[in-house]
2 protein chains.
Amino acid sequence: MRILLIEDEPEMASVLKTALERQDIIVDHAATLADAEAVARLGHHDAVVLDRRLPDGDGLSLIPRLRALHLDVPVIALTALSGLDDRVAGLDAGADDYMVKPFATVELVARLNALHRRSFTTRANQVMVGRLTYDFRHREALVEDQALELPRRERLVLETLIRRPGRTIMRGALEEAVYALDDEIGSNALDAHISRLRRKLDDVAAGIEIRAIRNLGYLLRAAS
Amino acid sequence: MRILLIEDEPEMASVLKTALERQDIIVDHAATLADAEAVARLGHHDAVVLDRRLPDGDGLSLIPRLRALHLDVPVIALTALSGLDDRVAGLDAGADDYMVKPFATVELVARLNALHRRSFTTRANQVMVGRLTYDFRHREALVEDQALELPRRERLVLETLIRRPGRTIMRGALEEAVYALDDEIGSNALDAHISRLRRKLDDVAAGIEIRAIRNLGYLLRAAS
DNA sequence: TCCTGCGTAATGCCGATGCAATCTTCACAC
DNA sequence: GTGTGAAGATTGCATCGGCATTACGCAGGA
């Protein structure tokens, strides 16, 4: 696992870095928001540990900027303040977890591991289900190392489903992923895409099944 | 191949740029360390040519910063100093190669090519798709041992596509490979090159197809 | 000066997409 | 087991936008 530690106090940073590295966690360190953003953009990290009080602003302000770049890296916010308001602010801003200083580093490690496990499948840039590999970096589906050509909508559907194999994706979530907010969508356009996608996956014997969950959504899994 | 040239003397920069471009190398130019770092971070380059004496510091200081960002791009350091100490300093700092001014540009080109090949070690010097063989060492396309003459841009397109046969190359990646940063590219210049390249490949019955992936990019593969 | 490479723009074409009609499957009740 | 209604699946069709192609003019090298 590799994380980005954003913390301006040198001593705190050093202590944390040492503790994390002892747990086999790779730590990149940034002391300012500007640096942090530049580094985070590279997308190398499995998690971000973010101090709120930084020389160039509130750490939380980084989160929406990362999200805007489609960096869905989980974020743990650190703060000296323990008030409920601050906790809410942190989670509102999109932090995935929240720790109040002072805290035991073992707890931070534990939470990082938890986040990592939780998001592991979604963050790898390749996911494999059945005989199908989806490469998020190149945005292509591969069967036996051959690209499977998928048009835009179908590809978006597949991307969304394969991020959480075997889990239900609600219909609304799918629509959000496939259509922009201002794209009005009537009728059953989504169903049609699912249908076409299924057909293509069958044609190449991808060993994948897309199941409808009535009144809820769909899930993708290796065919039994 | 695309490189980042970091050199503050305008004349030197201009001469090198011209010489390299004559060898079909795409050159992005930065005059300061700050600029260079910002551009290098984009990860577009196959190599960095780095002058040591720069207005904002010793060029070598860039290398550890790039490594910290896990940019493993090879670096050739240029210097006016030929002392052993300087050579050691350069290699210590992580430069892959080292040249003392003044030097012959042909030598620089040769070393760049060597580095480039080395960084593609996993890849053969020749790739064959359909009836077409592309020889990266001599930078020529062969059909039945007959060289196929391709102008610069078309060859760059082919090189990029054939590196990953049967896989999608995103439009942006193609543009990066074929054009320098400051080359304004409007309209459909890339499309036009693809079209001309296709025509030439068809003319010699190369047995190759270049497919468009709508909204994404292109893919090259043996014709079915 | 001629020639070739290149970028641009106009035009034509085809695939992707949304829609709607029709068929199939599922859950539940009896 | 079976009937029924609702949700889902599939497919043909018209539309639209992106890609392909080609002609043209410019620029740089022979």
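Naming: A, B, ... by sequence-line order, numbering from 1 per chain.
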Margin query: Restricting to salt bridge (charged side-chain N to carboxylate O under 4.0 Å, His left out), what partner residues turn up for B:Glu140, sequence neighbours left out?
Written below: none

Notebook entry, point to check: Around A:Met170, counting heavy atoms of other residues, nucleotides and ligands shown, do more than 12 lie under 6.0 Å from its CE?
Noted result: no

Note to self: Restricting to salt bridge (charged side-chain N to carboxylate O under 4.0 Å, His left out), what partner residues turn up for B:Arg196, sequence neighbours left out?
What the structure shows: none

Notebook entry, point to check: Hey, is the main chain of B:Glu9 close enough, under 3.5 Å, to the side chain of B:Glu7 for a donor-acceptor pair?
Noted result: yes

Item checked: Length of the CG-C1' vector between A:Leu190 and D:dT10, whole Å -> 14 Å

Check: When every nucleotide of nucleotides 19-30 of chain D is labelled 5' to 3' by its protein contacts under 4.0 Å (heavy atoms), B for base, S for sugar-phosphate only, - for none, what sequence of letters results?
Finding: SSBBB-------

Note to self: Any salt bridge linking B:Asp58 with B:Arg52? Criterion: basic side-chain nitrogen under 4.0 Å from a carboxylate oxygen.
What the structure shows: yes

Margin query: At 10 degrees resolution, what angle do the end axes of the helix from C:dT1-D:dA30 to C:dC30-D:dG1 form when each is taken over five base pairs?
Written below: 40°

Note to self: Tell me every residue that passes salt bridge (charged side-chain N to carboxylate O under 4.0 Å, His left out) with A:Glu149, counting only those two or more places apart in sequence or in another chain.
What the structure shows: B:Arg211, B:Arg221

Next item on the list: Using the closest heavy atom to pick a nucleotide of DNA chain C for each, name whichever of B:Leu150 or A:Glu154 lands nearer the 5' end.
Entry: B:Leu150

Margin query: Looking at B:Ser195 and B:Asp191, would you say the former's side chain and the latter's main chain have a donor-acceptor pair under 3.5 Å?
Written below: no

Check: How long is the line joining CG of B:Leu156 and P of C:dG5, in whole Å?
Finding: 14 Å

Next item on the list: For A:Pro151 and for B:Glu149, find the nucleotide of DNA chain C with the closest heavy atom, then tell me which residue's nucleotide is more 5'.
Entry: B:Glu149

Item checked: Between D:dG8 (C1') and A:Leu197 (CG): distance, integer Å -> 15 Å

Notebook entry, point to check: For A:Arg199, what residues pass the side-chain contact (heavy atoms from CB on, under 4.5 Å) criterion, not counting sequence neighbours?
Noted result: A:Asp203

